[in-house]
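This report concerns only the one structure given below.
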Protein chains: 2
Amino acid sequence: MARSMHVRRPATLASLAAELGVSRTTVSNAYNRPDQLSPELRRRVLETARRLGYPGPDPVARSLRTRKAGAVGLLLTENLSYAFRDPAAIGFLEGLALACEDAGTGLLLVPANPEREDVAAVHRAGVDGFVVYSVPDDDPHLAAVLERPVPTVVCDQPDLGNVDRVGIDDQAAMHSLAQHLISLGHRRVGVVCMRLARDRNDDFVVPERQQAAHFHVQRARLAGLAQAFASVGVDWETVPVAERFDHTMASGASAAAQVMERDPQITALICTSDILALGALGELRRRGLRVPEDITVTGFDGIREAEQAGLTTVRQPVLEKGRAAGKLLLDSAERTRPRAVTLSTELVLGSTAASPRGTAEERWFGP
Amino acid sequence: MARSMHVRRPATLASLAAELGVSRTTVSNAYNRPDQLSPELRRRVLETARRLGYPGPDPVARSLRTRKAGAVGLLLTENLSYAFRDPAAIGFLEGLALACEDAGTGLLLVPANPEREDVAAVHRAGVDGFVVYSVPDDDPHLAAVLERPVPTVVCDQPDLGNVDRVGIDDQAAMHSLAQHLISLGHRRVGVVCMRLARDRNDDFVVPERQQAAHFHVQRARLAGLAQAFASVGVDWETVPVAERFDHTMASGASAAAQVMERDPQITALICTSDILALGALGELRRRGLRVPEDITVTGFDGIREAEQAGLTTVRQPVLEKGRAAGKLLLDSAERTRPRAVTLSTELVLGSTAASPRGTAEERWFGP
DNA sequence: GTGAAAGCGCTAACAG
DNA sequence: CTGTTAGCGCTTTCAC
């Protein structure tokens with residue numbers, strides 16, 4: 001039984017047909033259209049197949065012939081280690097996988113490491129369509145996907161004009177969070193955000209870079225903040241915005257430290273993701289600050305860990321995003337023009353935001 | 001630009017060749033072997049391709065010809081919702097994905113819902129090999145995979161004799177955990193385990209069902225327990241073992257309740273997974289029991305949440321398991337006989353296990 | 001109910 | 001460096 005040993009495919013549909021003295025059609029029918037065949041003949045075919053070790057029609061050959069692969073590709077240009085550690089990404093993946101499962105479709109994770117600009121994997125993927133999740137808008141992998149003649153839906157991506165899209169209104173959501181902070185009395189704030197482009201910049205971000213960010217989600221969230229605070233007279237140029245390439249709690253912590261160093265007087269630290277916020281929270285507490293008494297901290301995403309920590313944040317339906325993306329793609333037969341699904345978000349009022357108290361100096365250096 | 005609109009594939013390699021007045025080989029070479037071509041001609045080919053909207057060689061046709069799909073399939077017969085909520089499963093997935101990415105190979109999640117016995121998806125999967133993760137040994141999907149003439153590696157699965165295998169020594173690991181409890185003085189214990197077969201049984205388990213369990217991992221862990229406790233004179237028949245189909249904290253909680261109901265005098269509740277243990281922990285505390293003063297609780301897996309909770313458990317290298325499975329599969333060119341990788345585990349002494357104190361009656365009903 | 005014909009779109013010798 | 005030849009293994013009208 002060396003079955004598992006990379007055996008040279010022994011029998012083909014043709015050889016089976018020959019052995020049986022029937023046509024290839026008949027054998028094919030035995031597998032694909034049982035009703036086109038006498039049960040008796042079918043039994044004989046299947047039995048002979050087993051005897052000859054014929055494993056059934058080759059899926060690739062079938063795909064070539066039928067012009068469908070039975071799978072959708074997922075492009076995820078984040079280091080996998082971060083993706084699989086990010087509850088939001090996992091939620092998206094789960095939703096997408098559920099949609100695929102419902103449709104009996106496979107889900108192909110296309111290897112697309114941001115470091116290697118190897119687009120070949122995109123070309124090699126035998127899929128009926130692509131879902132693209134949160135990649136920079138200038139990512140070559142994305143470009144490669146768009147060149148493939150298959151339907152595509154992008155998620156957390158700017159409007160590409162001719163492609164289906166799923167997302168939330170990041171700018172509006174962040175704007176409303178900002179409004180909340182403003183109404184609490186915060187005027188002097190700091191920001192921690194995720195990577196804005198493909199190049200690593202673990203440092204402060206000038207407004208130009210903010211506006212030119214290649215990650216739509218981050219750009220929109222920053223824009224929402226800038227807009228809200230500008231509207232109450234805050235000069236956004238003066239607001240320290242620290243960027244971090246790696247999406248980890250450690251990044252959140254170091255960015256928080258950097259921002260506090262730059263402006264100890266801020267009364268709120270706004271983070272563009274919960275992961276970063278949780279890291280920041282830890283760092284601030286480690287430094288002896290109380291949240292929210294001494295400083296307000298907010299996140300974005302609404303992951304479970306954030307909820308447990310009582311983080312003030314924006315909750316977005318990540319699983320639904322994945323599911324919607326899958327549905328959109330798998331429906332794409334009967335569509336005509338690009339569709340867009342915008343899911344709603346919810347401001348979560350946790351226990352990490354409050355009105356500023358005392359002078360900032362006091363908070364930072366002690367009373 | 002109706003590029004995204006499911007266009008009928010306009011051009012093929014052949015038509016492009018015709019247009020250019022060169023042979024198909026030349027066009028093929030332009031894509032696959034740039035060095036077999038004058039740069040000038042190559043440029044012309046690629047440019048004409050763009051002009052004609054030729055998206056490059058069709059991946060499926062290429063796969064058929066080259067006999068390789070550039071992807072491995074992952075069979076995961078758990079409800080996806082549980083899989084994606086189980087840190088251990090996610091860790092495995094991450095490790096496998098990393099191995100695939102290293103090799104530039106895609107990872108195809110094969111839709112295999114335990115409820116639908118639809119094996120077709122396995123047949124339809126265009127992959128160069130399969131990884132099978134923790135499915136019941138009588139799963140029809142598994143059988144279907146084994147019939148495919150591609151290399152396969154199973155993980156957390158009994159030895160199939162002719163297939164590569166990755167796993168840990170579940171029995172030994174659980175045995176050592178049991179020894180630890182025994183050395184602490186525990187003799188009267190209860191057990192909470194995951195599903196043992198494909199049928200739902202949210203109830204106690206008789207020893208026969210334990211020994212006949214179709215999930216190798218669960219069977220081995222229970223065997224390790226039974227063996228350890230039997231060796232110090234405990235009659236395993238009398239030990240309450242509660243099974244739960246769904247792998248959730250809620251299941252752990254309800255099973256814990258059920259076991260306590262059955263035998264309030266147990267001094268330790270042993271769970272075969274951390275998820276279950278965390279649920280049990282919550283339930284016991286909710287009932288006013290202190291852990292470990294009133295009762296000992298243990299888990300298995302070593303997930304992060306368990307660590308945070310200070311759970312006494314067994315840590316297993318889930319990420320490494322995934323990576324090892326991927327490596328094994330992607331190496332399988334140069335192999336001859338089935339290989340097995342057994343990774344090591346580590347007993348984690350947390351704060352949820354201690355020597356039993358007072359009488360059990362007191363603990364359960366109050367002093 | 002069964003078969004013959006006609007590719008799906010591509011790559012890989014090999015010869016020129 | 002380029003072209004010719006030969007399929008990879010299968011499905012699908014369309015006759016019989």
*Starting at the 5' end of DNA chain D and moving along, which residue's nearest nucleotide shows up first, Pro39(B) or Ala61(B)?*
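Counting from the 5' end, the first nearest nucleotide belongs to Pro39(B).
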*Looking at Thr26(B), Asn32(B), Thr25(B), which hits side chain to side chain donor-acceptor pair (under 3.5 Å) with Ser28(B)?*
Asn32(B)
Whole-Å gap separating [atom2] ([N]) and [atom1] ([X]):
X: Arg43(A); N: dG1(C); atom1: CZ; atom2: P; answer: 17 Å
X: Lys68(A); N: dT12(D); atom1: NZ; atom2: P; answer: 11 Å
X: Arg33(B); N: dC14(C); atom1: CZ; atom2: P; answer: 12 Å
X: Tyr31(B); N: dA12(C); atom1: OH; atom2: C1'; answer: 19 Å
X: His123(B); N: dT11(D); atom1: NE2; atom2: P; answer: 13 Å
X: Arg67(A); N: dT13(D); atom1: CZ; atom2: C1'; answer: 18 Å

*Return each pair, listed once, that meets side chain to side chain donor-acceptor pair (under 3.5 Å) where at least one residue sits in residues 95-105 of chain A; pairs must be two or more places apart or across chains.*
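Only Glu101(A)-Asn113(B) qualify under side chain to side chain donor-acceptor pair (under 3.5 Å).
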*Reading nucleotides 2-7 of chain C 5' to 3', which nucleotides get B (base under 4.0 Å from a protein heavy atom), which S (sugar-phosphate only), which -?*
BBB-BB
*Which nucleotide, dC10(D), dT11(C), dC8(C), lies nearest any side-chain atom of Asn32(B)?*
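Given the options dC10(D), dT11(C), dC8(C), the side chain of Asn32(B) is closest to dT11(C).
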_Residue Leu64(A), side-chain atoms from C-beta onward, closest of dT12(D), dC8(C), dC10(C)_ =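 The listed nucleotide nearest to Leu64(A)'s side chain is dC8(C).
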*Quick check: does any side chain N or O of Arg339(B) sit under 3.5 Å from a backbone N or O of Leu328(B), one acting as donor and the other as acceptor?*
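Yes, Arg339(B) side chain to Leu328(B) backbone: donor-acceptor pair under 3.5 Å.
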With sequence neighbours left out, what residues match [X] under side chain to side chain contact (heavy atoms under 4.5 Å, CB included)?
X: Glu320(B); value: Pro317(B), Arg323(B), Leu343(B)
X: Pro114(A); value: Thr77(A), Asn79(A)
X: Glu47(A); value: Arg43(A)

_Of all pairs that satisfy ring pair (Phe, Tyr, Trp, His ring centres under 6.0 Å), the ones with a partner from residues 91-137 of chain B, not counting sequence neighbours_ = Phe92(B)-Tyr133(B)
_Contact under 4.0 Å: Ser28(A) side-chain N or O vs dT11(D) OP1/OP2_ = yes
*May I ask you to verify if any side-chain N or O of Arg62(A) is less than 4.0 angstrom from the OP1 or OP2 atom of dT11(D)?*
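Arg62(A) to dT11(D) OP1/OP2: side-chain N or O found under 4.0 Å.
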